[in-house]
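Accompanying notes for the structure given below.
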Amino acid sequence: MRNVCQFYNAEVEQKIQKEKELLFWFDTAIQNQELQIYLQPQVPFNKTKMIQAEALVRWYKPEGGMIYPNDFIPLLEKNNRIDHLDMYVFEQVCKIIVSWIANKRPIIEVSVNISGEHLKHKGVNIWKEYCKIKEKYQIPDGVLKLELTENTMFELPELSAVREIINGFHSCGLKVALDDFGFAYSSLILLKEFDIDILKLDRAFFIDENKKSKKIVSNMIRLAHELDVMVVAEGIEEQAQVKELNGMKCDYIQGYIYSEPIPVTDFEEWVTNYHHL
Ligand code: C2E
Ligand code: CA
Ligand code: CA
């Protein structure tokens, strides 16, 4: 028994040490340009529409290799550093769009994640900070989207505060996506209470699919369209799923079937090939 405890303690200590190191490194990671923006394409059902993308952060440590978001985002959330990361990613995405405009490339709509912890820290005025950056880079309206999860929306005690934030984003030309819908409670009340522009159906709907899950998905898409909400299906890995989602008129598909998240230059090439530009 004692040995099991000792082993357990050593493991816990190792984990704490690793977390301390990551936090210490994070403080210089931004200065050292170790954080990179990867883009994952979202492919439209209607082929005349442009590709869109989600920005996903990657931390590349020269001596440690790639660190994936799930290995450092929860840690940043726990240690009050997530606001810094979210704002950095948003500003980097603005710079990417500025470079597309300057190089006369097609402007792709990009969505950026906001952590629930970030929203909780900043409260109702969070949208002003995003607007300021969007205006600083003169990003046209409707190009940038912010992804909030259901849990994020319940981080604030009052639904009215979330409504104020969403209205604030809209007032400065930023769209709002409800991310990971289907992963948690999938509360339909959110669609009633808030003017959400995009509904992202979580991968949970598409793992171990059955007749029921397919009916839920097709009816969710129908409902979203009736409410003027665009739908993105996430985590799609198989061609048969693409065919079915196309049959259901799902607006966009995001998943490994088309591409993993890739560095910006690879993404630009991917878009050029896709649209035969
Ligand atoms: P998410 O927002 O739900 O992003 C989708 C995740 O699913 C990404 O993982 C993506 O690589 C992965 N994915 C996409 N297609 C497929 C597929 O076909 N199959 C499977 N199995 N997975 C797929 P990633 O990049 O590791 O990001 C994980 C999570 O980390 C994200 O989940 C998001 O919650 C968070 N995250 C990433 N970047 C940021 C950021 O800049 N700020 C914040 N706050 N969170 C971020
Ligand atoms: Ca997301
Ligand atoms: Ca998601």
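Here, residue 1 is the first one in the sequence, and each next residue gets the next number. For ligands, and for the atoms within them, numbers begin at 1 and follow the listed sequence.
- Checking only distances, V57 does come within under 3.5 Å of ligand 1, N or O to N or O.
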Step-by-step side chain to side chain donor-acceptor pair (under 3.5 Å) determination, R105 to T272: CA-CA 10 Å; R105 293 189 64 88; T272 304; 3.3 Å; yes
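- The two residues C131 and G168 come nearest to each other via the heavy atoms SG-O, 4.2 Å.
- Around the Ca ion (ligand 2), protein N, O or S atoms at a distance under 3.0 Å total 4; waters are neither shown nor counted.
- Each of the atoms 3 (O) of ligand 1 lies under 4.0 Å from some heavy atom of D180.
- At the shortest separation from atom 37 (C) of ligand 1 among protein heavy atoms lies L56 CD2, 3.6 Å.
- Within ligand 1, the atoms closer than 4.0 Å to a non-hydrogen atom of P261 are 11 (O), numbered from 1 in the order shown.
- Looking at ligand 1, you won't find any N or O of E147 less than 3.5 Å from one of its N or O atoms.
- Applying the 4.0 Å criterion to heavy atoms of E54 picks out, from ligand 1, the atoms 2 (O), 4 (O).
- For the pair R58 and Y38, the cation-pi criterion (under 6.0 Å, within 45° of the ring axis) is fulfilled.
- The nearest heavy-atom contact from the protein to atom 27 (O) of ligand 1 is P69 CG, 3.6 Å.
- Those atoms of ligand 1 that come under 4.0 Å of a heavy atom in G255, given as number and element, are 15 (N), 18 (O).
- If you number the atoms of ligand 1 from 1 as listed, the ones under 4.0 Å from a heavy atom of S115 come out as 44 (N).
- The proximity of I257 to ligand 1, defined as any non-hydrogen pair under 4.0 Å, does not occur for either the backbone or the side chain.
- Checked against a 6.0 Å centroid threshold, the rings of Y130 and F90 count as neighbours.
- In this structure, K145 pairs ionically with E109, as a charged nitrogen and a carboxylate oxygen lie closer than 4.0 Å.
- For ligand 1, the atoms closer than 4.0 angstrom to any heavy atom of E234 are 3 (O), 5 (C).
- If you look at Q40 next to ligand 1, the close heavy atoms, those under 4.0 Å, all belong to the side chain.
- More than 12 non-hydrogen atoms from other residues, nucleotides or ligands lie less than 6.0 angstrom from NZ of K95.
- Ranking the protein heavy atoms by distance from atom 34 (O) of ligand 1 puts N113 OD1, 4.6 Å first.
- Between E117 and K78 there is no salt bridge, since none of the side-chain N atoms of the basic residue sits less than 4.0 Å from a carboxylate O of the acidic one.
- Looking at atom 19 (N) of ligand 1, its nearest protein heavy atom turns out to be E237 OE2, 2.6 Å.
- Within ligand 1, counting atoms from 1 as listed, the ones closer than 4.0 Å to a heavy atom of I236 are 18 (O).
- A salt bridge links K15 to E19: one of the charged nitrogens lies within less than 4.0 Å of a carboxylate oxygen.
- With rounding to the nearest 0.5 angstrom, the CD atom of E77 is 9.0 Å from the NE2 atom of H121.
- Listed by number with element, the atoms of ligand 1 under 4.0 angstrom from any heavy atom of D179 are 2 (O).
- Shown here, atom 6 (C) of ligand 1 is out of close reach of the protein: none of its heavy atoms lies under 4.0 Å off.
- The structure places OG of S111 at 12.0 Å from CG of L174, a figure rounded to the nearest 0.5 Å.
- The existence of a salt bridge linking R163 and E158 is excluded, since no basic side-chain nitrogen approaches an acidic carboxylate oxygen closer than 4.0 Å.
- Closest to atom 36 (N) of ligand 1 by heavy atom, among T149, I73, I253, V93, is I73.
- Contact annotation: for Q254 versus ligand 1, there are no heavy atoms closer than 4.0 Å.
- At a threshold of 4.0 Å, the pair R203-E234 does not count as salt-bridged, since none of the basic side-chain nitrogens sits closer than that to a carboxylate oxygen.
- In this model, a donor atom of one side chain and an acceptor atom of the other lie less than 3.5 Å apart for Y252 and Q52.
- R58 counts as a contact of ligand 1, since one of its heavy atoms falls under 4.0 Å from the ligand.
- A salt bridge is defined here as a Lys NZ or Arg NE, NH1 or NH2 lying under 4.0 Å from an Asp or Glu carboxylate O, and K49 with D251 fails to meet this definition.
- Not a single N or O atom of Y68, backbone or side chain, sits closer than 3.5 Å to an N or O atom of ligand 1.
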